[in-house]
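To keep things clear, I will list the structure first and then write my remarks on it.
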Amino acid sequence: MNIILEILAQLYPYTRSELNYENPFQLLVGTILAAQATDRKVNEVTKDLFKEYRTPQDFLKMDLQTLEQKIKSINLYKTKAKHILSTCETLVRKYGGAVPQNREALEELDGVGRKTANVVLSYAFDIPAIAVDTHVFRVANRLGIVQAKNVQETERMMEKLIPREWWSRAHSSLVLHGRRVCDARKPKCDECALKEHCEYERKTEG
DNA sequence: AACTCGGGGCA
DNA sequence: TGCCCAGAGTT
């Protein structure tokens with residue numbers, strides 16, 4: 001278990017919170033933008049955007065069309081722009097511009113669901129929460145970290161299994177590994193650094 | 001639980 | 001070209 005996490009941490013020695021995000025609010029916005037999109041594209045868009053706009057109050061200086069234009073190259077950009085400005089209004093009105101630190105409050109925000117809430121809790125606040133997306137579900141089950149039949153069960157099992165200090169890093173590295181090596185269709189088992197620790201590799205070998 | 005959104009990446 | 005994607009909202 002821990003050896004797998006150690007290897008993953010060496011393979012992917014950064015987390016999303018170490019990219020363009022300078023505060024929990026920017027992490028929240030970046031995570032909303034990341035839904036069904038690629039990390040590279042989100043980083044492109046947020047690099048300049050987050051230098052100029054750091055708080056909900058900053059974002060509310062833009063009208064909807066302005067924000068749409070700035071994030072235009074990201075999928076679902078119109079929906080996301082609307083959600084982001086709505087969320088900024090809520091943050092200012094109910095939380096004085098701060099990002100709430102509990103799941104219920106986060107999930108009430110426009111554009112924030114279970115996975116985004118968990119990402120913010122674990123990355124920004126070090127609060128126990130694991131965002132299980134399709135990558136985490138697939139890779140964790142293939143490796144044998146868990147044996148779960150769905151996302152919800154994976155989430156429950158990983159919260160018990162994974163040491164607290166690993167939670168945010170476990171998520172990001174499992175996702176990246178799922179995209180780059182352990183993909184859904186044709187996993188590159190021959191070039192996988194984890195093959196000696198992987199149950200899926202053992203089953204499919206030969 | 002199924003459906004919709006929707007530009008971009010990649011084979 | 002066709003298929004899929006670091007999800008969430010609506011019905």
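Order of the sequence lines fixes the chain letters, A, B, ..., with proteins taken first and strands second; residue numbering starts at 1 for each chain.
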Whole-Å distance separating the [atom1] atom of [X] from the [atom2] atom of [N]:
X: A:R179; N: C:dC4; atom1: CZ; atom2: P; answer: 15 Å
X: A:H177; N: C:dA6; atom1: NE2; atom2: C1'; answer: 16 Å
X: A:D39; N: C:dC4; atom1: CG; atom2: C1'; answer: 15 Å
X: A:E108; N: C:dA8; atom1: CD; atom2: P; answer: 15 Å
X: A:Y21; N: C:dA6; atom1: OH; atom2: P; answer: 14 Å
X: A:K82; N: C:dA8; atom1: NZ; atom2: P; answer: 17 Å
X: A:N43; N: B:dG8; atom1: CG; atom2: P; answer: 16 Å
X: A:Y77; N: C:dC5; atom1: OH; atom2: P; answer: 23 Å

Closest-nucleotide ordering on DNA chain B, the 5'-leading residue of A:A35 and A:R40 = A:A35
Choose from B:dG7, C:dA6, C:dG7 the nucleotide whose nearest atom is closest to any side-chain atom of A:H135.
-> C:dA6
Please tell me which of the listed nucleotides, B:dG7, C:dG7, C:dA6, lies nearest to the side chain of A:A34?
->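 Among the listed nucleotides, the one closest to the side chain of A:A34 is C:dA6.
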Given A:F25, which of A:Y95, A:F50, A:F59 fulfils the ring pair (Phe, Tyr, Trp, His ring centres under 6.0 Å) condition?
-> A:F59
Check whether [X] reaches the backbone of [Y] with its side chain - one donor and one acceptor, N or O, closer than 3.5 Å.
X: A:K70; Y: A:T46; answer: no
X: A:E6; Y: A:N2; answer: no
X: A:S86; Y: A:K82; answer: no

With a cut-off of less than 4.0 Å, is there a side-chain N or O of [X] near OP1 or OP2 of [N]?
X: A:Q36; N: C:dG7; result: yes
X: A:S172; N: C:dA6; result: no
X: A:R185; N: C:dC4; result: yes
X: A:K41; N: B:dG9; result: yes
X: A:T31; N: C:dA6; result: no
X: A:T79; N: C:dA8; result: no

Can you tell me how far P in C:dC4 sits from the matching atom in B:dC3, rounded to whole Å?
-> 16 Å
In whole angstrom, give me the gap between the C1' atoms of B:dG8 and C:dG9.
->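 Comparing C1' positions in B:dG8 and C:dG9 gives a spacing of 22 Å.
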Contact check, side chains of A:E108 and A:K94, non-hydrogen atoms, under 4.5 Å =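 Of all side-chain heavy-atom pairs linking A:K94 with A:E108, at least one is under 4.5 Å.
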DNA chain C: 5'-proximal contact among A:V112 and A:V42 (nearest heavy atom) | A:V42
Look at all strands and tell whether A:I71 reaches a base, only sugar-phosphate, or nothing, counting heavy atoms closer than 4.0 Å.
-> nothing
Could you check whether A:V136 gets within reach of a base, just the sugar-phosphate, or nothing at all, counting any heavy atom under 4.0 Å?
-> nothing
Would you say the side-chain atoms of A:R54 and A:N23 include a donor-acceptor pair closer than 3.5 Å?
-> no
